[in-house]
Amino acid sequence: MSKFYLTTTLPYVNADPHVGFALEIIQADVIARYYRSQGYEVFFNFGTDEHGQKIYEKAIDANMDPQAYTDMWAKKFDKLKDTLNLTYNNFIRTTDEHHVVAAQEFWKICEKNGDIYKKNYKIKYCVGCELEKTDSELVEGKCPIHPNMELEIREEENYFFRFSKYQDRLLALYTARPDFVIPESRFHEIKKFVETGLEDFSISRLASKMPWGVPVPGDLTQVMYVWFDALVNYISAIGWPDDLPKFNSFWPVVQFAGKDNLRQQSAMWQAMLMSASLEPSKQIVIHGFITSGGKKMSKSLGNVINPFEMVEKYGTEALRYFLTREVTPFEDGDFTEERFKEAYNSGLANGLGNLTSRILKMSESYFEKSPVLDFLDEKRDMPPGYDKLIRNYEFKATMDYIWEVIAEVDVEIQEKKPFLVFKTDPEMARKMVEELLKHLISIAKMLTPFMPETSENILEAIKANKMPAPLFLRKE
RNA sequence: CGCGGAGUGGAGGAGUAGUACCUCGUCAGGCUCAUAACCUGGAGGCGUCCGUGCAAUUCGGGCCUCCGCAACCA
């Protein structure tokens with residue numbers, strides 16, 4: 001059986017899952033369900049990134065053992081499976097024993113290949129916060145919380161990865177694989193970035209300062225920097241290095257990630273794989289960010305959209321609908337509850353839900369039992385237009401395609417008027433409704449990867465030949 | 001001159017070298033199978049200047065405006 005391996009990034013567990021990550025994992029879930037329906041054996045990986053300074057600090061603040069702290073978060077993230085109706089079949093935690101071992105093994109290979117070395121690393125330290133600061137955190141070269149204090153430059157010895165060595169090989173990979181990064185604009189961006197030249201990056205931290213990480217093999221004074229450890233999950237999840245047959249049967253991977261992760265996924269990680277003599281990933285799919293009211297979501301603005309809350313109010317299917325149809329798959333998209341409700345009413349209540357009701361009402365009145373039972377079970381291919389779109393991760397366009405069919409069927413009912421014809425020529429009307437039912441089946445089947453429950457409900461109603469309770473009630 | 005991206009009717013979004021599409025809103029009409037739903041028609045738009053083309057919103061250039069980008073941020 002053909003195999004298909006896909007993964008999301010592993011969210012860092014220092015805050016509640018937010019709707020941006022919901023977008024990523026729902027996109028991945030749609031693809032996983034689609035390929036499964038096409039007969040592939042799918043491995044769908046998801047999990048949590050649990051090491052590093054931020055988590056260590058939070059655990060200390062909460063007066064908790066870091067492991068207990070991450071246990072709590074991992075459970076929270078795993079709840080997304082029910083909340084969003086996901087079908088991932090592996091939940092990896094970077095604190096899992098086999099992952100830790102894999103990360104260390106990976107390190108050793110890179111080291112053996114001469115790509116890991118020690119050097120002095122200059123960090124900027126704010127005495128006010130008692131914290132190391134990254135350049136992006138600084139405002140005009142100062143700590144934004146303590147702008148009148150000078151930053152101290154501290155030096156420490158860290159391990160570095162020889163990223164610079166892989167510039168040419170990365171560029172060769174990009175040339176050889178024209179669809180390596182989706183969409184093209186992001187691919188272009190990363191090519192430009194790599195062309196400009198690469199700097200080796202730091203891949204460890206002093207264990208004395210920050211013990212919450214994977215120990216560096218052969219050097220107990222250092223732990224791996226989270227990125228190095230976390231990226232390895234993509235191979236450890238499918239058995240590397242101790243189950244190579246399994247690994248080889250699934251690798252390479254399709255990775256879903258946000259635009260902030262472009263470099264890590266499509267350059268750094270690929271260089272790491274090269275260093276370890278492993279085949280590059282299959283494809284990287286980069287989505288945009290979700291803004292709220294045109295602004296980046298932030299607690300201080302109070303515009304954070306909580307996926308759990310949306311699901312409670314509108315249902316899982318509605319959220320899956322909104323994120324796949326109303327948000328562009330690769331650009332930033334805006335999410336406000338107002339827009340969500342609008343989309344819900346027009347697309348789901350008035351569109352899909354209402355169409356289902358009107359067809360089934362006629363069918364229920366004109367037929368003793370469903371006239372399309374044979375047709376229901378028939379295995380039929382999806383329209384080629386549909387397949388092409390979904391395989392290119394064009395979620396919105398695929399959904400638009402389905403909704404075009406919905407609109408056409410609404411028009412057909414209006415024009416053929418089976419409800420009038422029935423009064424004079426019941427046989428003719430029955431034929432018409434039978435056609436309509438077939439269209440509805442086709443709609444439901446195309447919808448399966450996106451809205452699995454709704455699809456199932458529609459097919460069940462057709463089978464029972466009974467108008468169901470409204471699938472989506474209008475929200476006022 | 002660091003790199004990259006974006007500017008489409010009142011709002012939010014697709015799209016394209018040749019009558020510019022969708023949702024909401026708005027105006028007029030129609031239908032009764034349906035969830036005050038559904039259908040038909042109207043009003044209203046491609047930031048700006050220049051260039052290339054028979055033809056540009058689409059290609060190229062200038063300008064204006066906005067937004068990302070060596071980390072732990074989806």
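Because only heavy atoms are used, hydrogens play no part in the values below, and waters and symmetry mates are left out as well, while side chains stay in. Numbered from 1 within each chain, the chains take letters A, B, ... in sequence-line order.
- Stem list for RNA chain B (at least 3 consecutive Watson-Crick or G-U pairs, distances under 3.5 Å): B:2-7 with B:64-69, B:10-13 with B:21-24, B:26-30 with B:38-42, B:47-51 with B:59-63.
- Nucleotide G53(B) carries a syn base; the chi torsion (O4'-C1'-N9-C4 or O4'-C1'-N1-C2) is within 90° of 0.
- In this structure, OH of Tyr344(A) is placed 19 Å from P of U23(B), rounded to the nearest angstrom.
- Rounded to a whole Å, the CG atom of Asp260(A) is 15 Å from the C1' atom of G4(B).
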With the criterion being N/O to N/O and under 3.5 Å, what pairs connect the protein with nucleotides 38-43 of chain B, and how long is each?
from	atom 1	to	atom 2	distance (Å)
C38(B)	O2'	Arg358(A)	NH1	2.9

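- Atom CD1 in Ile290(A) sits about 9 Å away from atom C1' in A74(B), given to the nearest Å.
- Distance NZ (Lys361(A)) to C1' (A37(B)): 15 Å, rounded to an integer number of Å.
- Evaluation of the ring-ring contact (aromatic ring centres under 6.0 Å, His included) rule for Phe163(A) yields Phe201(A) as partners, not counting sequence neighbours.
- Here Lys54(A) reaches the OP1 or OP2 of C73(B): one of its side-chain N or O atoms lies under 4.0 Å away.
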Report, as a single string ordered 5' to 3', how protein heavy atoms within less than 4.0 Å touch nucleotides 6-17 of chain B: B base, S sugar-phosphate only, - not at all. ------SSS---
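- We find that CE of Met268(A) is positioned 9 Å from C1' of A70(B), with the value rounded to whole Å.
- Judged as a side chain to side chain donor-acceptor pair (under 3.5 Å), and not counting sequence neighbours, the contacts of Asn85(A) are Arg33(A).
- Legend: side-chain hydrogen bond (donor to acceptor under 3.5 Å, both in side chains) pairs involving residues 461-471 of chain A, not counting sequence neighbours, sorted by first then second residue: Ser363(A)-Asn465(A).
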